[in-house]
J.: 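Next up is a structure, given as structure tokens.
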Amino acid sequence: MRTTLDIVDLAPGGEGVGRTGEGRPVFAPFTAPGDRVEVELPGGEGPAHVPPARLLREGPARVAAPCPHFGMSEPLAEAMCGGCEWLHLAYGAQVEAKERAFAETLRRIGRLEAGRYRALPILPSPRPLRYRSRAKFHLDRHTGRLVFFRRRSHDPVQLTGCHLLAEELDALREVAGPALLAARLEAREVTLEWSALDGKGAAFLQLAAITPAARARAEALLAAVPALAGVVLGAEGAPSAAVGDPVLRHARRPGEPAAGRQRSRPDVFQQANRGANALLVASALELLRPDGEEVLELYCGAGNFTGPLAARARHVDAVEGQGPALELARLDAAEAAEAAGARGASRVRFLAGDALAVARGLARERGAASRRYGAALLDPPRQGAPGVGAVLRELDVPRAVYVSCDPATLARDLRACGQVGYTVEAIQPVDMFPQTHHVEAVALLTR
Ligand SMILES: C[S@@+](CC[C@H](N)C(=O)[O-])C[C@H]1O[C@@H](n2cnc3c(N)ncnc32)[C@H](O)[C@@H]1O
């Protein structure tokens with residue numbers, strides 16, 4: 001049934017929300033508060049998710065989307081890219097909506113009522129557009145373009161440019177697609193990364209198999225695309241292989257190389273928004289105050305927090321499950337220790353393995369080798385770290401910072417931490433992902 005709907009808010013999942021005359025909630029993608037839209041309403045009585053709507057009247061938060069691949073185009077959904085959700089929304093309205101939805105998720109799943117913790121105002125991204133230094137694409141074998149898929153499909157969007165990518169990364173995307181096709185590198189997925197510090201990029205190609213022919217083709221790719229310094233080849237069940245030099249360096253604070261550098265490789269986790277990442281790291285350290293402490297860091301990855309922690313802590317034990325990430329973190333730590341002289345030499349110990357299992361093992365250690373941590377920092381993947389509260393408790397950690405990219409799993413884990421005696425003192429949301437509903441956050445726990 002066709003019906004007219006007034007959009008009144010944005011849901012945590014990014015869709016606009018309105019209610020029918022009978023009070024039925026309706027979630028409509030690509031709408032904005034204040035919009036009046038016509039939607040195709042499915043039968044039933046519960047909350048309805050409708051396909052893209054026809055816009056009848058524009059709300060005040062609506063702006064002209066700068067991208068031809070985005071939005072409520074006619075015919076509906078024909079050209080729509082699955083990358084952005086909110087290019088039609090003024091950036092101020094985006095951060096307000098994230099802050100509201102985030103607090104609501106903490107309340108609903110974490111039972112954390114506003115007022116019971118210090119809710120710090122969301123930190124906006126320094127760049128709302130062109131903020132990504134890495135992204136994952138698909139190679140369209142017919143056109144030779146690196147593409148994104150349309151929403152909820154595997155149909156390619158023939159990108160003529162992407163407003164989320166740093167200009168240099170977008171330019172690399174444009175040339176890398178045809179070069180991959182010419183080199184006959186049939187990658188299932190292609191991750192490209194750009195380093196503003198190095199002025200060069202690197203690629204991670206997921207192939208069916210890593211053969212000598214694939215390596216030779218990767219060499220040909222590097223010869224054809226001078227902006228690419230190296231390639232990592234990956235295949236299921238096989239160790240990855242580097243061709244050229246795919247290790248890039250980033251300034252820990254963009255534009256300030258003196259604030260320290262950090263290695264990355266395109267097959268290893270790395271925050272894609274370097275500007276917002278600098279804010280995230282600074283706010284995590286400000287909340288944790290690791291000065292002079294023995295610190296336990298779980299899920300350290302390539303050492304995004306490890307270097308800044310080590311610069312202030314007495315000692316850091318850093319745990320990570322992925323070998324190549326740990327290798328990059330070790331190289332950065334060794335370099336920083338050398339720069340600091342003997343004083344910094346033994347500040348970090350890296351431990352490989354499952355973060356919670358290693359932490360449980362540390363809690364059982366006794367005698368001279370055992371450590372008493374004054375602070376902990378954890379930054380788990382999207383699925384969170386169920387059970388981390390009990391582990392922190394076993395280790396008798398008085399203060400911990402939990403960094404999360406998923407408000408729902410964060411809220412779940414904070415609630416469980418509360419059940420073993422931790423109090424949520426403060427939470428700082430950070431907008432790492434403008435033009436989408438996603439939000440990153442840092443929470444401070446004490447006991
Ligand atoms: C969100 S990333 C954070 C990495 C790093 N802290 C950063 O800021 O770049 C999560 C990291 O946890 C690692 N990881 C995932 N599951 C793990 C586990 N069970 N044990 C240890 N590390 C794990 C991943 O390899 C990844 O490096």
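Both counts, for ligands and for their atoms, begin at 1 and track the order of listing.
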J.: Any ion pair linking D140 and R145 (charged N to carboxylate O, less than 4.0 Å)?
T.: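 Salt bridge absent between R145 and D140.
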J.: I'd like to know if A325 contacts ligand 1, where contact means a heavy-atom distance under 4.0 Å to any ligand atom.
T.: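 Outside the 4.0 Å threshold, so no.
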J.: Can you list the atoms of ligand 1 that are under 4.0 Å from a heavy atom of G301?
T.: 4 (C), 5 (C), 27 (O)
J.: Nearest protein heavy atom to atom 19 (N) of ligand 1, by residue and atom, and its distance?
T.: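 Looking only at protein heavy atoms, the one closest to atom 19 (N) of ligand 1 is D354 OD1, 2.8 Å.
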J.: For atom 16 (N) of ligand 1, what is the nearest protein heavy atom, given as residue, atom name and distance?
T.: P381 CG, 3.9 Å
J.: Under a 4.0 Å N-O cut-off, is there an ion pair linking R447 with D396?
T.: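 Here R447 pairs with D396 in a salt bridge, since their nearest N and O are under 4.0 Å apart.
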J.: What protein heavy atom sits nearest atom 2 (S) of ligand 1, and how far away is it?
T.: F269 CD2, 3.5 Å
J.: For G353 and ligand 1, answer yes if some heavy atom of the residue is under 4.0 Å from a ligand atom, otherwise no.
T.: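 Yes, that is the case, since the closest heavy atom of the residue is under 4.0 Å from the ligand.
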J.: Classify the contact between C405 and ligand 1 as side chain, backbone, both or neither, using a heavy-atom distance cut-off of under 4.0 Å.
T.: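 C405 to ligand 1: no contact under 4.0 Å from either part.
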J.: Are any of the N/O atoms in G321 less than 3.5 Å from those in ligand 1?
T.: yes
J.: Is there a side-chain contact between P380 and L298, using heavy atoms and a 4.5 Å cut-off?
T.: no
J.: Please determine, by modelled atom types, if H250 and E193 share a side-chain donor-acceptor pair under 3.5 angstrom.
T.: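 Yes - a donor-acceptor pair under 3.5 Å links their side chains.
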J.: Hey, looking at atom 7 (C) of ligand 1, which of N277, V281, N304 has the closest heavy atom?
T.: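 Ranked by closest heavy atom to atom 7 (C) of ligand 1, first place is N304.
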J.: Is W86 reaching over with its side chain to a backbone N or O of G14, donor-acceptor style, under 3.5 angstrom?
T.: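 Pair found, side chain donor or acceptor close to backbone of G14.
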J.: Is there a salt bridge (charged side-chain N to carboxylate O under 4.0 Å, His left out) between E85 and K98? Walk through the geometry before answering.
T.: CA-CA 13 Å; E85 295 161 310; K98 286 192 196 199; over 6 Å; no
J.: Side chain, backbone, both or neither: which applies to P380 and ligand 1 if a contact is any heavy-atom pair less than 4.0 Å apart?
T.: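 P380 to ligand 1: backbone contact only, side chain stays beyond 4.0 Å.
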J.: If you have a sec, work out which protein heavy atom is nearest atom 3 (C) of ligand 1 and how many Å separate them, to one decimal?
T.: D379 OD2, 3.1 Å
J.: How close does the nearest protein non-hydrogen atom get to atom 5 (C) of ligand 1, and which residue and atom is it?
T.: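 Going atom by atom, the protein heavy atom closest to atom 5 (C) of ligand 1 ends up being C300 O, 3.4 Å.
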J.: With only distance considered, is E320 within less than 3.5 Å of ligand 1 through an N or O on each side?
T.: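 Such a contact does occur with ligand 1.
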J.: Could you walk me through whether R263 and E335 pass the salt bridge (charged side-chain N to carboxylate O under 4.0 Å, His left out) check?
T.: CA-CA 11 Å; R263 285 173 174 81; E335 205 171 85; 2.9 Å; yes
J.: Determine, for D267 against R265, whether the closest basic-nitrogen to carboxylate-oxygen distance falls under 4.0 angstrom.
T.: yes
J.: Going by distance only, is there an N or O of Q270 that falls short of 3.5 Å from an N or O of ligand 1?
T.: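 Min N/O separation from ligand 1 is not below 3.5 Å for Q270.
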J.: Between E297 and R347, is there a salt bridge with N-O shorter than 4.0 Å?
T.: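 Salt bridge absent between R347 and E297.
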J.: Run the contact test for A302 against ligand 1 with a 4.0 Å cut-off on heavy atoms, strictly below, and give the result.
T.: no
J.: Can you give me the closest heavy-atom contact between C84 and F30, atom names plus distance?
T.: O-CE2, 3.7 Å
J.: Distance only, no hydrogens: is a donor on one side chain within 3.5 Å (strictly under) of an acceptor on the other, for T446 and E425?
T.: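 Yes - a donor-acceptor pair under 3.5 Å links their side chains.
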J.: Counting both backbone and side chain atoms, is some N or O of A355 under 3.5 Å from an N or O of ligand 1?
T.: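 Between A355 and ligand 1, an N or O pair is found under 3.5 Å apart.
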J.: Taking N or O atoms only and a 3.5 Å limit, does Y299 qualify as a polar contact for ligand 1?
T.: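 For ligand 1, there is an N or O atom that lies under 3.5 Å from one belonging to Y299.
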J.: Near F305, which atoms of ligand 1 are under 4.0 Å from a heavy atom of that residue?
T.: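 Answer for ligand 1: 6 (N), 8 (O).
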